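Shown next, in structure tokens, is the structure this report addresses.
Chain identifiers are assigned alphabetically (A, B, ...) following the order of the sequence lines, protein sequences preceding nucleic acid strands; residue numbering begins at 1 within each chain. Remember, predicted model here, so these are calculated numbers, not experimental data.
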Amino acid sequence: MPATKLAREFYARATLTVARELIGMHLVHQNSHGRQVGRIVETEAYQGPKDLAAHSSRGRTERTEVMFGPGGFSYVYLIYGMWDCMNVVTATVDVPQAVLIRALEPISGITRTTHGPGLLCRALGIDRRMSGVDLTGQVLWIERPGDYRPPRLARATRIGVDYAGAWAAKPWRFFDQDSPYVSTVSAARRRQALAKALNSAPPHSPGPLPPAPLP
DNA sequence: GGCACGATTGCT
DNA sequence: GCAATCGTGCCT
């Protein structure tokens with residue numbers, strides 16, 4: 001079964017549904033350097049404007065404008081002056097909601113770590129110049145892989161939103177509970193899981209290098 | 001024009 | 001535990 005690029009209709013739905021169903025899909029960046037592909041293993045839903053953790057809760061600005069448009073576009077912003085983070089806009093016009101892509105499992109063309117929202121953007125060369133890109137186009141998109149299997153899902157509270165009062169308690173983070181690439185998994189556990197996945201030697205002897213070297 | 005702060009990461 | 005580092009939003 002061939003991979004299928006997700007269409008506008010996929011994104012134009014309830015944000016929690018999109019956040020959940022994105023787990024296991026492949027994020028693809030196509031440019032002059034070739035094609036980079038990662039499997040989405042962790043997401044967070046941001047349900048503005050009521051959700052005080054969502055950027056769109058503080059009104060419509062030049063930066064957040066794309067979230068007020070139709071679903072299926074990218075929203076990329078800079079955090080802490082250093083890191084770009086990529087979201088997919090969900091729902092419909094005037095419903096400013098989005099899903100943050102928090103972690104990827106490297107599939108192909110990826111040479112840096114992807115177990116965090118800033119890291120995955122660095123690894124795939126995504127920055128805020130790519131905010132507003134149509135995800136049904138030819139540069140940046142998400143597809144259902146030919147070998148897609150529904151992952152075992154877990155959910156938890158979102159990371160880094162303690163300031164958002166009651167909204168911080170919402171279990172709006174979704175992740176593949178079997179993936180060692182989820183952002184909150186420790187580096188040690190990630191290495192351990194990788195070694196096991198690669199069917200390699202016991203913990204204290206050197207095994208083959210993982211596809212994406214870890215720090 | 002100034003200023004406080006953050007949907008993070010990496011090193012101690 | 002905490003520094004790095006700067007755009008954004010909001011104030012004057």
Side-chain angles (χ1 to χ4, degrees), chain A residues 11 14-16 18-20 22-23 27 38 40-69 71 73-91 95-106 110-133 135 140 142 154-176 180-191 210 212-215:
Chain A
Y11 301 102
T15 302
L16 287 178
V18 176
R20 203 161 34 223
L22 279 175
I23 307 296
L27 175 63
I40 298 170
V41 297
E42 184 178 3
T43 62
E44 281 177 359
Y46 285 87
Q47 303 194 73
K50 286 192 298 184
D51 175 7
L52 293 181
H55 289 173
S56 57
S57 71
R58 283 181 256 174
R60 190 168 184 154
T61 66
E62 189 177 347
R63 178 180 67 143
T64 60
E65 178 65 26
V66 67
M67 278 197 280
F68 290 80
F73 289 80
S74 68
Y75 167 53
V76 185
Y77 65 89
L78 186 71
I79 188 70
Y80 302 128
M82 286 185 257
W83 303 98
D84 292 285
C85 294
M86 182 194 163
N87 304 246
V88 305
V89 176
T90 58
V95 180
Q97 306 190 350
V99 173
L100 173 67
I101 311 293
R102 283 195 55 89
L104 302 174
E105 171 186 338
I110 291 177
T111 56
R112 309 185 77 165
T113 58
T114 52
H115 54 86
L119 293 173
L120 74 88
C121 281
R122 188 181 66 176
L124 267 68
I126 295 169
D127 63 34
R128 59 200 178 287
R129 289 172 303 185
M130 296 182 68
S131 193
V133 165
L135 297 176
L140 188 63
I142 300 173
R155 60 189 300 177
T157 54
R158 296 173 292 179
I159 305 282
V161 296
D162 293 345
Y163 63 87
W167 299 96
K170 304 284 186 186
W172 289 351
R173 179 161 64 99
F174 298 91
F175 56 97
D176 175 351
Y181 292 96
V182 169
S183 66
T184 52
V185 171
S186 73
R189 219 183 89 65
R190 193 148 40 232
R191 275 193 294 270
L214 295 160

Among residues at least two apart in sequence or on other chains, which ones pass side chain to side chain donor-acceptor pair (under 3.5 Å) with [X]?
| X | answer |
| --- | --- |
| D127(A) | R129(A) |
| R20(A) | none |
| R60(A) | E65(A) |
| Y46(A) | E44(A) |

inquiry  = Counting runs of three or more consecutive pairs, Watson-Crick or G-U wobble, with each distance below 3.5 Å, where are the stems of DNA chain C?
reply    =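 DNA chain C stems, ordered by first number: B:1-6 with C:6-11, B:8-11 with C:1-4.
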Say whether, by atom type as modelled, one donor and one acceptor occur between the side chain of [X] and the main chain of [Y] under 3.5 angstrom.
| X | Y | value |
| --- | --- | --- |
| S183(A) | G116(A) | no |
| R190(A) | V185(A) | yes |
| R158(A) | R173(A) | no |

query = Taking only residues two or more places apart in sequence or in another chain, which ones pass salt bridge (charged side-chain N to carboxylate O under 4.0 Å, His left out) with R63(A)?
reply =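 For R63(A) there are no salt bridge (charged side-chain N to carboxylate O under 4.0 Å, His left out) partners, ignoring immediate neighbours.
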request  = Name every residue in residues 80-89 of chain A that has at least one heavy atom under 4.0 Å from any atom of DNA chain C, in order of residue number, or write none if there are no such residues.
outcome  =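 Those residues whose heavy atoms fall under 4.0 Å from DNA chain C, taken from residues 80-89 of chain A in numerical order, are Y80(A), G81(A), M82(A).
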query = Got a sec? Which of residues 158-167 of chain A come in under 4.0 Å of DNA chain C, heavy atoms?
reply =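 Within residues 158-167 of chain A, no residue comes under 4.0 Å of DNA chain C.
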query = Would you say L16(A) and F174(A) make side-chain contact, with heavy atoms under 4.5 Å?
reply =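 L16(A) reaches F174(A) side chain to side chain.
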query = Got D51(A) and W172(A) here, is their nearest side-chain heavy-atom distance under 4.5 Å?
reply =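 Yes; the side chains approach each other to less than 4.5 Å.
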ask   = Which of these nucleotides, dA7(B), dG9(C), dG7(C), is closest to any side-chain atom of R63(A)?
value =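 From the listed options, dG9(C) comes nearest.
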Which whole-number value in Å describes the distance from [X] [atom1] to [N] [atom2]?
| X | N | atom1 | atom2 | value |
| --- | --- | --- | --- | --- |
| Q97(A) | dA7(B) | CD | P | 17 Å |
| R112(A) | dT9(B) | CZ | P | 13 Å |
| Y77(A) | dG6(B) | OH | P | 13 Å |
| E65(A) | dG7(C) | CD | P | 21 Å |
| R190(A) | dT9(B) | CZ | P | 10 Å |
| R128(A) | dT8(B) | CZ | C1' | 15 Å |
| R60(A) | dT8(C) | CZ | P | 17 Å |
| I79(A) | dG6(B) | CD1 | C1' | 4 Å |

message = Going by ring pair (Phe, Tyr, Trp, His ring centres under 6.0 Å), name the residues that satisfy it together with Y77(A), two or more places apart in sequence or in a different chain.
response =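 So Y77(A) forms a ring pair (Phe, Tyr, Trp, His ring centres under 6.0 Å) with H55(A), Y75(A).
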ask   = Does L140(A) have any side-chain contact (heavy atoms from CB on, under 4.5 Å) partners at least two apart in sequence or in another chain, and if so, which?
value =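 With sequence neighbours excluded, L140(A) shows a side-chain contact (heavy atoms from CB on, under 4.5 Å) to L27(A), H29(A), S74(A), M86(A), I126(A), M130(A), V133(A), L135(A), given in chain and number order.
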inquiry  = Checking A14(A) now: which residues fulfil side-chain contact (heavy atoms from CB on, under 4.5 Å) with it, not counting sequence neighbours?
reply    =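 Expected list: T17(A).
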What nitrogen or oxygen pairs link the protein and nucleotides 10-12 of chain C at under 3.5 Å?
none

inquiry  = Over all strands shown, is L78(A) touching base, sugar-phosphate only, or nothing at heavy-atom distances under 4.0 angstrom?
reply    =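 Sugar-phosphate, no base atom in range.
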inquiry  = Once you apply a heavy-atom cut-off of 4.0 Å, does R122(A) come out as touching a base, just sugar-phosphate, or nothing?
reply    =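 Sugar-phosphate only.
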Rounded distance [0.5 Å steps], CZ in R128(A) versus CG in L78(A) =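 Output value for this atom pair is 4.5 Å.
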